[in-house]
Amino acid sequence: MNHQKQKEHEGRSGKEAFICKVCGAAVGPAFGGGRQRNHCPVCLSSLHLDDLPGDRSAGCGGVMDPVGVWVRKNGEWAIIHRCRRCGVLHSNRVAADDNPLKLMSIAVKPLASPPFPIERIEEMAKAERLPSKEL
């Protein structure tokens, strides 16, 4: 592989360092959680660069906001990102150096803002004849 192709390949693999476009953090190559560095470990934001992990073929380039987390079958956490520009959703595995407070704040956000008044939980418990303290 010639030098130009090797450099292009390294850039496409997500192994290069970068400055986060959202928080300005200097971000080094990935370690302990994947082959590609696909998001900032400080603010967890990303850029819409890939159609498939590491391919760098997306033409959008929009900021990808971390909007949720989910747990894979093997128990590994992944971050759900949504592009501000085109709305596409992508899932990226959590890296070993990701900000744990930011991860937890994203994980509990739905609990802090349920789609119904929180007072309804007690009403629902009474309707199902469950003691509210069991909730």
Side-chain angles (χ1 to χ4, degrees):
M1 185 181 294
N2 71 33
H3 181 69
Q4 178 60 33
K5 285 193 183 254
Q6 182 178 1
K7 188 173 182 180
E8 181 181 320
H9 177 73
E10 287 172 0
R12 290 172 59 98
S13 69
K15 294 180 181 177
E16 70 279 0
F18 63 91
I19 302 297
C20 177
K21 302 281 189 210
V22 175
C23 74
V27 180
F31 70 94
R35 293 181 307 275
Q36 283 101 19
R37 169 65 74 185
N38 50 29
H39 61 270
C40 173
V42 178
C43 70
L44 307 182
S45 296
S46 183
L47 292 179
H48 188 186
L49 302 175
D50 299 344
D51 288 323
L52 298 172
D55 70 5
R56 301 297 192 252
S57 64
C60 178
V63 170
M64 301 283 285
D65 292 314
V67 295
V69 295
W70 69 287
V71 181
R72 296 178 174 182
K73 288 180 187 178
N74 64 0
E76 178 182 60
W77 278 34
I79 302 167
I80 301 168
H81 287 98
R82 180 177 42 229
C83 181
R84 289 182 192 174
R85 186 176 289 164
C86 72
V88 73
L89 295 171
H90 280 239
S91 174
N92 294 301
R93 63 191 296 202
V94 168
D97 59 345
D98 283 346
N99 180 335
L101 293 175
K102 184 73 173 169
L103 281 169
M104 292 304 293
S105 71
I106 292 168
V108 301
K109 190 174 182 179
L111 297 174
S113 302
F116 54 82
I118 197 75
E119 299 79 27
R120 286 204 48 222
I121 291 177
E122 189 171 354
E123 293 170 25
M124 291 168 28
K126 286 179 184 176
E128 293 187 26
R129 297 192 172 124
L130 296 174
S132 59
K133 59 184 166 187
E134 284 186 20
L135 299 175

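Hydrogens, waters and symmetry mates are skipped; everything else that's a heavy atom, side chains included, is used. Just so you know, residue 1 is the first one in the sequence shown, and it goes up from there.
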Next item on the list: Using the test side-chain hydrogen bond (donor to acceptor under 3.5 Å, both in side chains), find all partners of Trp70 that sit at least two apart in sequence or belong to another chain.
Entry: Ser91

Checklist line | Pair His48 and His81, ring centroids less than 6.0 Å apart | finding: no

Checklist line | Asp65 and its salt bridge (charged side-chain N to carboxylate O under 4.0 Å, His left out) partner, picked from Lys21, Arg84, Arg82 | finding: Arg84

Note to self: As a quick check of understanding, evaluate side-chain contact (heavy atoms from CB on, under 4.5 Å) for Cys23 and Cys40, giving each step before the final call.
What the structure shows: CA-CA 9 Å; Cys23 74; Cys40 173; 3.7 Å; yes

Check: Do Val63 and Leu49 share a hydrophobic cluster, counting only Ile, Leu, Val, Met, Phe, Trp and Tyr and linking them when any side-chain heavy atoms are less than 4.5 Å apart?
Finding: yes

Check: Is Val94 reachable from Met104 through a run of hydrophobic residues whose side-chain heavy atoms are each under 4.5 Å from the next?
Finding: yes

Next item on the list: Flag yes if Ile80 and Trp77 sit in one hydrophobic cluster, no otherwise; membership is Ile, Leu, Val, Met, Phe, Trp, Tyr, and two members link when side-chain heavy atoms are under 4.5 Å apart.
Entry: no

Check: Between His39 and Asp98, do the side chains contain an N or O donor and an N or O acceptor separated by less than 3.5 Å?
Finding: yes

Next item on the list: Check whether Val71 and Leu44 end up in the same hydrophobic cluster, where Ile, Leu, Val, Met, Phe, Trp and Tyr are linked by side-chain heavy atoms less than 4.5 Å apart.
Entry: yes

Item checked: Donor-acceptor contact present, side-chain Asn99 to main-chain Leu101, <3.5 Å -> yes

Check: So if you build clusters from Ile, Leu, Val, Met, Phe, Trp, Tyr with side-chain heavy-atom gaps below 4.5 Å, do Met64 and Ile106 land together?
Finding: no

Notebook entry, point to check: Can you name the closest pair of heavy atoms from Val69 and Ala107 and give their distance?
Noted result: CG2-CB, 3.6 Å

Notebook entry, point to check: Among all residues two or more places apart in sequence or in another chain, which pass the side-chain hydrogen bond (donor to acceptor under 3.5 Å, both in side chains) test with Arg120?
Noted result: none

